[in-house]
Amino acid sequence: QRTVRIDTVVPTVEGTVADRTVTLVGSDGTSGINRVEYRIDGVETWTTYSAPVVVPGTATATVHYRGVDVAGNASQPASVQLADVTPEPRIDTVTSGTPSKLTVKFGTTVKFSGFVIALDGSTATGIVEIRDGSNLIATVELDARDKGRYAVNLPNLGRGLHNLSATFVGSDTHEESSSIPVQVIVR
């Protein structure tokens with residue numbers, strides 16, 4: 001005598017989302033899980049799941065999934081929604097920078113000052129780098145109390161021509177911007 005078991009129970013699948021990654025876990029207590037399948041937003045064909053799925057892009061997306069057991073029973077499709085993670089546009093800025101003197105004697109301190117203006121009227125905060133050509137020679141950090149203004153005493157500049165400029169390096173909310181280079185002569 002032989003016992004025949006008939007499996008009419010559909011499998012279950014759980015879907016979880018972390019950032020833009022979807023993890024699927026299927027189970028079936030009767031004949032066992034054969035495969036878990038998924039498809040992303042409007043794709044007609046199902047793809048067999050083998051590892052967590054990274055959903056490209058930043059826009060809202062839906063991942064549909066289902067399980068199929070060894071007996072061929074398929075669960076009804078379920079889905080998880082991925083939120084829109086498009087970053088807010090950063091605010092444009094304008095940076096200025098001016099030395100205290102254009103011609104100085106060797107060993108004289110040069111003060112470099114200017115401002116960072118956010119074009120929407122907000123206050124930009126972050127780092128301003130002062131460069132001599134491509135060489136970084138000083139940094140200053142802007143906070144809200146500075147209202148976009150900065151001033152820094154530069155290290156002693158060597159004899160010759162120096163092309164000084166300031167760059168606001170940007171922040172999560174404000175775009176990077178640079179001043180026009182200003183020439184300083186040290187004699």
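Side chains included, hydrogens not; waters and symmetry mates left out as well; all remaining heavy atoms used. Residues take their numbers from the sequence shown, with the count starting at 1.
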Side-chain heavy-atom pair [X], [Y] within 4.5 angstrom cut-off:
X	Y	value
T139	V169	no
V110	K101	no
V22	V17	yes
Y150	I130	yes
L82	V63	yes

Would you compute the distance between atom [atom1] of [X] and atom [atom2] of [Y] and round it to the nearest 0.5 angstrom?
X	Y	atom1	atom2	result
R66	Q76	CZ	CD	9.5 Å
R149	I117	CZ	CD1	9.0 Å
I6	T30	CD1	OG1	12.0 Å
I137	N156	CD1	CG	10.5 Å
S75	E37	OG	CD	9.0 Å
L24	Y49	CG	OH	5.0 Å

Could you report the tightest heavy-atom contact between [X] and [Y], atom names first, then the distance?
X	Y	value
D41	H64	N-CD2, 4.4 Å
T93	H174	CG2-CB, 3.8 Å
P181	S165	CA-CB, 4.0 Å
S31	D7	OG-OD2, 2.6 Å
W46	R39	NE1-NH1, 3.4 Å
T125	S171	O-CB, 3.8 Å

With clusters defined by side-chain heavy atoms of hydrophobic residues (ILVMFWY) lying less than 4.5 Å apart, directly or transitively, does [Y] cluster with [X]?
X	Y	value
V10	V68	no
L119	L142	no
L154	V116	yes
L102	V152	no
V53	V13	yes

S27 and T12: side chain donor to acceptor below 3.5 Å: yes

Taking everything shown except D172 itself, do over 12 heavy atoms lie less than 6.0 Å from its CG?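 At most 12 heavy atoms, drawn from other residues, nucleotides or ligands, come within 6.0 Å of this atom.
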
Around E14, counting heavy atoms of other residues, nucleotides and ligands shown, do more than 12 lie under 6.0 Å from its CD? no

Evaluate V80 against T16 for side chain to side chain contact (heavy atoms under 4.5 Å, CB included), listing each step before the verdict. CA-CA 7 Å; V80 290; T16 58; over 6 Å; no

Side chain to side chain contact (heavy atoms under 4.5 Å, CB included) assessment of Q183 paired with I185: CA-CA 7 Å; Q183 292 185 336; I185 299 171; 5.7 Å; no

When you look at V182 and T98, which way does the side chain to side chain contact (heavy atoms under 4.5 Å, CB included) test go after all the steps? CA-CA 7 Å; V182 178; T98 306; 5.7 Å; no

Judged by atom type as modelled, is there a donor-acceptor pair below 3.5 Å linking the side chain of S96 to the main-chain atoms of F115?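 Yes; at least one donor-acceptor contact below 3.5 Å.
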
Do any N or O atoms from the side chain of D132 and from the backbone of N163 form a donor-acceptor pair under 3.5 angstrom?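 Flag set: sc D132 to bb N163 pair under 3.5 Å.
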
Please determine whether side chain to side chain contact (heavy atoms under 4.5 Å, CB included) holds for the pair Q81 and T60, giving the CA-CA distance in whole Å, both sets of side-chain angles, and the decisive distance to 0.1 Å. CA-CA 7 Å; Q81 186 85 13; T60 300; 2.8 Å; yes

Could you walk me through whether D19 and T21 pass the side chain to side chain donor-acceptor pair (under 3.5 Å) check? CA-CA 6 Å; D19 296 320; T21 302; over 6 Å; no

